[in-house]
Amino acid sequence: MSLDVTLTATRPTDVYIGNVTHNLTGMARAAGIYKHLWRPEEIGITSAAQLIEPLRAGLSLMQSDPTRFEAYNPDNGWGDYKGFVRFVGEYLQACIDNPDAEVRARR
């Protein structure tokens with residue numbers, strides 16, 4: 001005979017942390033993903049799975065017309081099209097990899 005002992009705890013773990021400047025909200029609006037990124041709770045987004053298709057569509061739109069979206073680059077130089085495309089792409093991949101993750105946006 002033997003004794004097996006296990007302690008198991010499930011704790012919240014961040015699986016992705018991203019940051020992007022508010023200077024890019026115009027670009028996000030033009031891509032149709034402003035509320036998905038900045039205000040997900042206002043449109044009922046609670047899980048990463050719910051962001052996959054909107055982010056995929058917004059990213060595709062931005063990548064299909066760089067000139068249009070580069071026009072939204074802020075005059076002060078804080079943030080730009082390339083960085084925003086990278087941010088959205090990384091966030092999208094994190095959502096794909098962790099569809100059950102809870103979404104929180106802090107402004």
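One-based numbering along the sequence shown.
- W78 and V85 fall into different hydrophobic clusters, where Ile, Leu, Val, Met, Phe, Trp and Tyr residues are linked whenever their side-chain heavy atoms come under 4.5 Å apart, directly or through other members.
- Closest approach of A105 to P40, counting heavy atoms only: CB-CD, 3.7 Å.
- For the atom pair OG (S60) and CG (D65), the distance works out to 11.0 Å, reported to the nearest 0.5 Å.
- The backbone N or O of P74 sits nowhere less than 3.5 Å from a side-chain atom of N23 that would complete a donor-acceptor pair.
- The backbone N or O of S47 lies less than 3.5 Å from a partner atom in the side chain of Q50, making a donor-acceptor pair.
- By the 6.0 Å contact criterion, CZ on R11 is open, its count of non-hydrogen atoms from other residues, nucleotides or ligands being 12 or less.
- Hydrophobic clustering, with ILVMFWY side chains joined whenever heavy atoms are under 4.5 angstrom apart, groups V20 together with Y16.
- Between R56 and I96 there is a side-chain heavy-atom pair separated by less than 4.5 Å.
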* To do: Go through the steps for V103 and T46 under the test side-chain contact (heavy atoms from CB on, under 4.5 Å), then give the verdict.
  => CA-CA 5 Å; V103 174; T46 58; over 6 Å; no
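- A distance of 8.0 Å separates CZ in R107 from NE2 in H22, rounded to the nearest 0.5 Å.
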* **Candidate pair R68 and L61, rule side-chain contact (heavy atoms from CB on, under 4.5 Å), full reasoning** => CA-CA 10 Å; R68 173 184 169 201; L61 181 61; 4.0 Å; yes
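- Atom CG of D14 is separated from atom CZ of R104 by 5.5 Å, given to the nearest 0.5 angstrom.
- Looking at every heavy atom in both residues, L37 comes nearest to A28 through CD1-CB, 4.5 Å.
- In this structure, R106 CZ and I17 CD1 are separated by 7.5 Å, a value rounded to the nearest 0.5 Å.
- Between Y91 and F87, the angle of the ring planes lies from 30° to 60°, which puts this pair in the tilted group.
- Among all heavy-atom pairs drawn from P99 and D97, the shortest one is CD-C, 3.5 Å.
- Using cut-offs of 30° and 60° on the angle between ring planes, the pair F69 and Y72 is tilted.
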* Please assess H36 against V88 for the test side-chain contact (heavy atoms from CB on, under 4.5 Å), listing each intermediate value before the final yes or no. => CA-CA 11 Å; H36 297 87; V88 173; over 6 Å; no
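- Judged by distance alone, with hydrogens and angles left aside, the side-chain atoms of N73 form a donor-acceptor pair with the main-chain N or O of Y81 at under 3.5 Å.
- To the nearest 0.5 Å, atoms CG (L51) and CD1 (I43) are separated by 7.5 Å.
- Expressed to the nearest 0.5 Å, how far CE of M62 lies from CG of L55 amounts to 8.5 Å.
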